[in-house]
Amino acid sequence: MDELHDQAAGLLRGGHSVFVLTGAGISAESGIPTFRGKDGLWKNYSAEQLATPEAFQRDPAMVWEWYHWRQSLIAKAEPNPGHRALVTLERYYKRFLLLTQNVDNLHCRAGSRNVLELHGSIFRAFCLECGQKVEHGIDRRVIDALPRCECGGLLRPDVVWFGELIPADIWRASLTFLADADLALICGTSGVVWPAAMIPNIACERGLKTIEINLEKTAISGIVDVSIAGRTGEVLPELLRLMGL
Ligand code: BV8
Ligand code: ZN
């Protein structure tokens with residue numbers, strides 16, 4: 001394992017323009033359950049069943065109950081050493097972009113600056129009537145179990161559900177950054193969800209140096225330059241130590 005750490009630290013030291021992609025795994029050590037890991041899921045539903053416009057149409061109260069439950073978990077959580085290591089890493093490079101699939105805002109709370117939230121934020125909502133976007137914390141206004149907009153319209157979480165398009169501007173900015181990057185660091189993602197799952201393949205095709213840190217092997221473990229099996233909260237700080245940061 002040390003040899004892989006040394007290799008990864010060597011690649012990171014040599015990087016100038018670094019693209020980081022994170023998934024639910026980087027928040028696991030903050031106590032936030034992942035979607036597909038063995039520490040399992042959200043009660044007995046699967047994200048693919050709940051995080052869809054159809055589920056919300058069918059039973060908005062159940063979907064809100066799930067999001068409010070997740071919000072309460074996240075509100076009690078703190079960024080972990082993995083999040084904080086990425087803050088240090090961001091300050092080390094001239095060009096750095098952190099694209100996260102997570103909706104928990106933990107990267108921003110840790111102090112990361114150049115963060116793009118590909119799947120939105122659980123702490124924002126928007127109105128189905130007037131389209132207004134609102135901050136939607138756990139101190140939310142809830143009438144008959146459903147959060148309502150000033151206009152009376154029903155609010156929905158401002159996240160990208162399965163079957164919904166991801167924000168075109170964020171996707172475009174990510175690909176533009178990737179085109180000039182020289183290293184991609186993939187942390188805590190099973191690489192199942194598209195189009196985020198395309199990022200590592202694009203990076204490899206473009207000849208970027210690529211590093212994966214994940215608890216389990218994934219579909220990209222065989223194509224990246226260095227694949228480290230481990231917890232991001234432990235491996236990332238170790239890599240910083242080897243980099244002398
Ligand atoms: C779209 C927001 C165009 C909501 C989320 C068939 C094939 C390919 C694609 C599709 C297909 N059928 C449908 C699709 C498209 C679909 C998709 O990808 N489906 C998957 C399930 C096959 N994608 C979409 O619909 C996307 N839109 O494609 O638009 C379109 C339009 C119409 C019709 C078709 C296409 C929109 C996807 C966005 C969905 N929204 N979240 C919310 O959060 O409530 S996705 C959800 O999954 C989260 O954002 C999460 O982050 C994300 C990805 O999962 P991961 O982050 O990777 O998390 P996971 O639990 O899977 O893995 C965690 C990993 O960490 C594990 O490997 C574990 O081992 C590791 N780990 C655990 N602990 C640690 C650790 N690693 C390190 N350290 C640790 N401590
Ligand atoms: Zn409204």
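All figures in this text were calculated on a predicted structure; none of them were measured in a lab. As the structure lists them, so they are numbered: ligands from 1, and atoms in each ligand from 1.
For ligand 1, the polar-atom distance check finds an N/O of Val160 within less than 3.5 Å of one of the ligand's N/O atoms. Distances between N or O atoms of Ala51 and those of ligand 1 include no value under 3.5 Å. Residue-to-ligand polar distances place Ala24 within reach of ligand 1: an N/O pair is separated by less than 3.5 Å.
Heavy atoms only, all atoms of each residue included: Leu106 and Ser27 are closest at CD1-OG, 3.7 Å.
At least one heavy atom of Gly163 sits less than 4.0 Å from an atom of ligand 1. At a 4.0 Å cut-off, at least one heavy atom of Gly230 sits close enough to ligand 1 to count as contact. Distances shorter than 4.0 angstrom do not occur between any heavy atom of Glu234 and any atom of ligand 1.
Side chain of Asn201 to main chain of Ala197: a donor-acceptor pair is present (N/O by atom type, distance under 3.5 Å, no hydrogens or angles).
Around the Zn ion (ligand 2), the protein atoms of type N, O or S found under 2.8 Å away are Cys127 SG, Cys130 SG, Cys149 SG, Cys151 SG, listed by chain and number.
Of all the atoms in ligand 1, the ones that sit under 4.0 Å from a non-hydrogen atom of Trp161 are 36 (C). In the vicinity of Gly188, heavy-atom distances shorter than 4.0 Å reach the ligand 1 atoms 63 (C), 64 (C), 65 (O), 76 (N). Against a heavy-atom cut-off of under 4.0 Å, Tyr67 is close to the following atoms of ligand 1: 4 (C), 42 (C), 44 (O).
At a heavy-atom distance under 4.0 Å, only side-chain atoms of Ala28, from C-beta outward, approach ligand 1. Heavy atoms from both the backbone and the side chain of Glu216 come within less than 4.0 Å of ligand 1. If you look at Thr232 next to ligand 1, the close heavy atoms, those under 4.0 Å, come from the backbone and the side chain alike. When non-hydrogen atoms are compared, ligand 1 lies under 4.0 Å from the side chain of Arg70 (C-beta onward) but not from its backbone.
In the model, Asp225 has a side-chain atom that pairs as donor or acceptor with a side-chain atom of Thr210 under 3.5 Å. Residues Gln101 and Thr189 have side chains that bring a donor and an acceptor to within less than 3.5 angstrom of each other. Of the N and O atoms on the side chains of Ser17 and Lys94, not one donor lies less than 3.5 Å from an acceptor on the other residue. Defined by atom type and a distance below 3.5 Å, a donor-acceptor pair is missing between the side-chain atoms of His83 and Ser112. Counted by atom type alone, Thr218 and Ser190 present zero donor-acceptor pairs between their side chains at under 3.5 Å.
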Mind listing the side-chain donor-acceptor pairs of residues 232-245 below 3.5 Å, one per line with the distance, residues two or more places apart or on another chain?
from	atom 1	to	atom 2	distance (Å)
Glu238	OE1	Arg241	NE	3.0
Glu238	OE2	Arg241	NH2	2.9

Show me the donor-acceptor pairs, under 3.5 Å and distance only, between side chains in residues 125-134 and residues at least two apart or in other chains.
from	atom 1	to	atom 2	distance (Å)
Lys133	NZ	Asp158	OD1	3.3
Lys133	NZ	Asp158	OD2	2.9

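Around atom 52 (C) of ligand 1, the closest heavy atom drawn from Val193, Leu118, Thr52, Asn102 belongs to Val193. Closest heavy-atom approach to atom 27 (N) of ligand 1 among the candidates Lys217, Glu29, Glu164: Glu164. Scanning Thr189, Ile26, Leu165, Leu50 for the heavy atom closest to atom 30 (C) of ligand 1 points to Leu165. Relative to atom 65 (O) of ligand 1, the option among Gly25, Cys187, Gly23 with the closest non-hydrogen atom is Gly25.
The distance from the CD atom of Gln49 to the CE atom of Met62 is 8.0 Å, given to the nearest 0.5 Å.
Connection of Leu98 to Trp171 is not established within any shared hydrophobic cluster, with ILVMFWY side chains joined at heavy-atom distances below 4.5 Å, either directly or through further cluster members.
When each of Leu178, Leu183, Asp182, Leu11 is paired with Leu208, the side-chain contact (heavy atoms from CB on, under 4.5 Å) condition holds for Leu178 and for no other.
Judged by the 6.0 Å distance and 45° axis criteria, Arg156 is positioned over the aromatic ring of Trp161.
Residue pairs satisfying the salt bridge (charged side-chain N to carboxylate O under 4.0 Å, His left out) criterion with at least one member in residues 108-123, sequence neighbours excluded, are listed as follows: Glu78-Arg109, Glu117-Arg124.
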